[in-house]
There are 2 protein chains.
Amino acid sequence: MAQNGGTPTLDQVAKLAGVSKATASRAINGRSKVSAKAQTAVDNAVRALGYTPNAAARSLVTRRTGSVALIVPESDERIFSDPFFARMLHLVARALREHDLQLVLLIAQPGDEEERLLQYLRGRYVDGAIVASHHRADRLAEHLSDLGLPCVFIGRPWIGAERVSYVDSDNAAAAGHAVRVLLEAGRRRIATIAGPRDMRAGHDRLDGWRRELVAAGLDADLVAYGDFTEESGAKACAELLEAAGDPGGVDGIFAASDLMAQGAMRELAARGLRVPEDVAIVGYDDLGVAERTDPPLTTLHNPIGQMVTEALRLLTEAIDAGGTGAPRRVIFVPELVRRASV
Amino acid sequence: MAQNGGTPTLDQVAKLAGVSKATASRAINGRSKVSAKAQTAVDNAVRALGYTPNAAARSLVTRRTGSVALIVPESDERIFSDPFFARMLHLVARALREHDLQLVLLIAQPGDEEERLLQYLRGRYVDGAIVASHHRADRLAEHLSDLGLPCVFIGRPWIGAERVSYVDSDNAAAAGHAVRVLLEAGRRRIATIAGPRDMRAGHDRLDGWRRELVAAGLDADLVAYGDFTEESGAKACAELLEAAGDPGGVDGIFAASDLMAQGAMRELAARGLRVPEDVAIVGYDDLGVAERTDPPLTTLHNPIGQMVTEALRLLTEAIDAGGTGAPRRVIFVPELVRRASV
DNA sequence: CTGAAAGCGCTTACAG
DNA sequence: CTGAAAGCGCTTACAG
């Protein structure tokens, strides 16, 4: 179809339909009134020619691209197999589809590639951006705010949070909740397997654990760090057990991700420790693996679906408002899901 | 910087530099000769104004967007946490970065969303496309070929393969190799845990397993299907063991992914069967999990890095050639990695 | 090496 | 409701 002299243009459609380019354009975009006759003629011409508007020409005048960037300032390949990230990517992709927007995935190693990322964004290839998985050192919030590009962060940025919109969940409160559940189960030596220190979720969950223990008049000394993976959870659990010394030195664990909780359970099993009898354990995320552990994991439900939906609402509203308007934020409270590990 | 009256344009740069738009454009793109004096003046003006070329305007005339689509015709969310896919996505992202191309991720459920995908592609938002994880029913190869958009498939398409470029690995030969290794280890009741029947890799590996057994004069009757996940591998292994009846009814397994092999090993362990003494096992992919199983897994190395590199080479060459040129293809042969499961 | 001009393919006031 | 015209911001023959 598009064979007769390259890709068909609006001009050819208009000629074939016997109307002006203006009318053809209006018929195609369907935002202004067009006579039924003209509409039919244009529709037929479009079909006959296999016409699709040229995106560049259109966005040159509309100043809209119909694309949104998902920015992942992450150098580590593992990000892609992380179930939390995988789920988020999937949800973002689906939500964008519903808004008729395209997803441009921008992966930028922190550091030297940041300038290149900003350069791309300045070129107005996209109408807005969602930023996920940012780290402590990122200055993305400031830079995006400088650009004036509509954006919303998933997770409160470390730096420049006051200048941008974001959605987040109350990681600290949720961690506190986890600790209370362990306390109510009679545990007194409650350790934590924390996430990366340079990630918001890692930092805040650790903080919530610590505050709750202190509030209960207990020591907050049993900490080991992981990177949210199962492997690291097993390793951290081993460290904890060794640091605590005698059996019973740890009787409860709050793990900052279900995957790390799973690793910890594997390590406990290997040492002949029973869950929850010897060590009770609470995870975080509730992304499917929590149902499949043995025993099934009591955990905090990370409301990622709601966060993504809300992030997209904030973003599309900011885009429609032309990038003006004050930063907005929405915070969710993760709910406890009781299973059998406490 | 861009505050003084919106985003700066080439015109403003030219004025400030005291040259024409043409010269400014040439200085910025650096493909034609420009006097040192003009170059400096333009460079300074660009810096002073914080100028970045408008992508839409540029691509309207150059007919290049600097973007490449990664098409994933997959409705299933799990695709994102599949380590093979995660690795491919990471490698594609990195390779595109090296070519100074942007990654547009297009996820299209098969069926009703295909028309929408093609519509997008027709709009020339991207210069070319890489297609991954396609299924039997996809007619993408034909449609992309009709569009005349440069594209390369990762994995030979089921339909229309003769019309497009692709990279692939010889899944059948590799599966045959796996079977020979098991035969050489004296195994005679060799089962397979196959991948999805509607995916190239699943189909071809099953085929290779079958041919090799038949060539050896053995029955190819012990087949169970999984979906490449660990869960499904465990389940398939259980089916196999039950179908085979008596202990020793299965003494070797070729699993079409390491993850399924891992699940199978878990199932074997749960039944008190030793690897490799009772059941020898060969996996597929060699993506990291193969090193961490107990015992470490003998497997076929899926040359995904090479496939991605080659796919991008074919794609950029096709783009540079203006989308003309015959389809090309490159096939890799996976190598066996001997560890301890056979 | 440089500039004036045309043109890429659209959309959108403006006037009718 | 419709059309002629201007204009979005670039690049690139063409002539000098």
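Just so you know, these numbers come straight off a predicted model, no measurement behind them. Naming: A, B, ... by sequence-line order, numbering from 1 per chain.
Salt bridge A:R64/A:D320: present, at least one basic N to carboxylate O contact under 4.0 Å. A salt bridge between B:D146 and B:R139 is absent, with no side-chain N of the basic residue lying under 4.0 Å from a carboxylate O of the acidic one. For B:D11 and B:K15, the salt-bridge test passes: some basic side-chain N is under 4.0 Å from an acidic carboxylate O. The pair B:R328-B:E310 fails the salt-bridge criterion, with no side-chain N (NZ, NE, NH1 or NH2) lying under 4.0 Å from an Asp/Glu carboxylate O.
Looking at B:T65, its side chain does come within 3.5 Å of a backbone N or O of B:Y125 through a donor-acceptor pair. Side chain of A:S25 to backbone of A:K21: no donor-acceptor contact under 3.5 angstrom is found. Without hydrogens or angle criteria, B:D127 side chain to B:V68 main chain gives no donor-acceptor distance under 3.5 Å. Side-chain atoms of A:R200 do not come within 3.5 Å of backbone N or O of A:D168 as any donor-acceptor pair. Under the 3.5 Å distance criterion, the side-chain polar atoms of B:R94 are left unmatched by any main-chain donor or acceptor of B:L89.
Residues B:R116 and B:Q119 bring no donor and acceptor atom of their side chains to less than 3.5 Å of each other.
The stretch residues 53-63 of chain B touches DNA chain C through B:L60, B:V61, B:R63, each having a heavy atom under 4.0 angstrom from the strand. Residues from residues 28-41 of chain B with heavy atoms under 4.0 angstrom of DNA chain D, sorted by number: B:N29.
Looking at residues two or more places apart in sequence or on another chain, you find a salt bridge (charged side-chain N to carboxylate O under 4.0 Å, His left out) between A:R156 and A:D204. Checked against side-chain hydrogen bond (donor to acceptor under 3.5 Å, both in side chains), B:R58 has the following partners two or more places apart in sequence or in another chain: B:N29.
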- Any chance you could encode DNA chain D as dot-bracket? Rule is Watson-Crick or G-U wobble with both distances under 3.5 Å; [ ] for pairs crossing earlier ones, | for another strand. |||.||||||||.|||
- Could you give me the CA-CA distance, side-chain angles and deciding distance for A:N54 and A:T7, then say whether side-chain contact (heavy atoms from CB on, under 4.5 Å) is met? CA-CA 9 Å; A:N54 178 299; A:T7 314; over 6 Å; no
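Separation of the P atoms belonging to D:dA6 and D:dT2 is 22 Å when rounded to the nearest angstrom. Between the C1' atoms of D:dG16 and D:dT12, the separation comes to 16 Å (whole Å).
Protein chain B contacts DNA chain D from D:dG9 to D:dA13, reading 5' to 3' and using non-hydrogen atoms of the protein with a distance under 4.0 Å.
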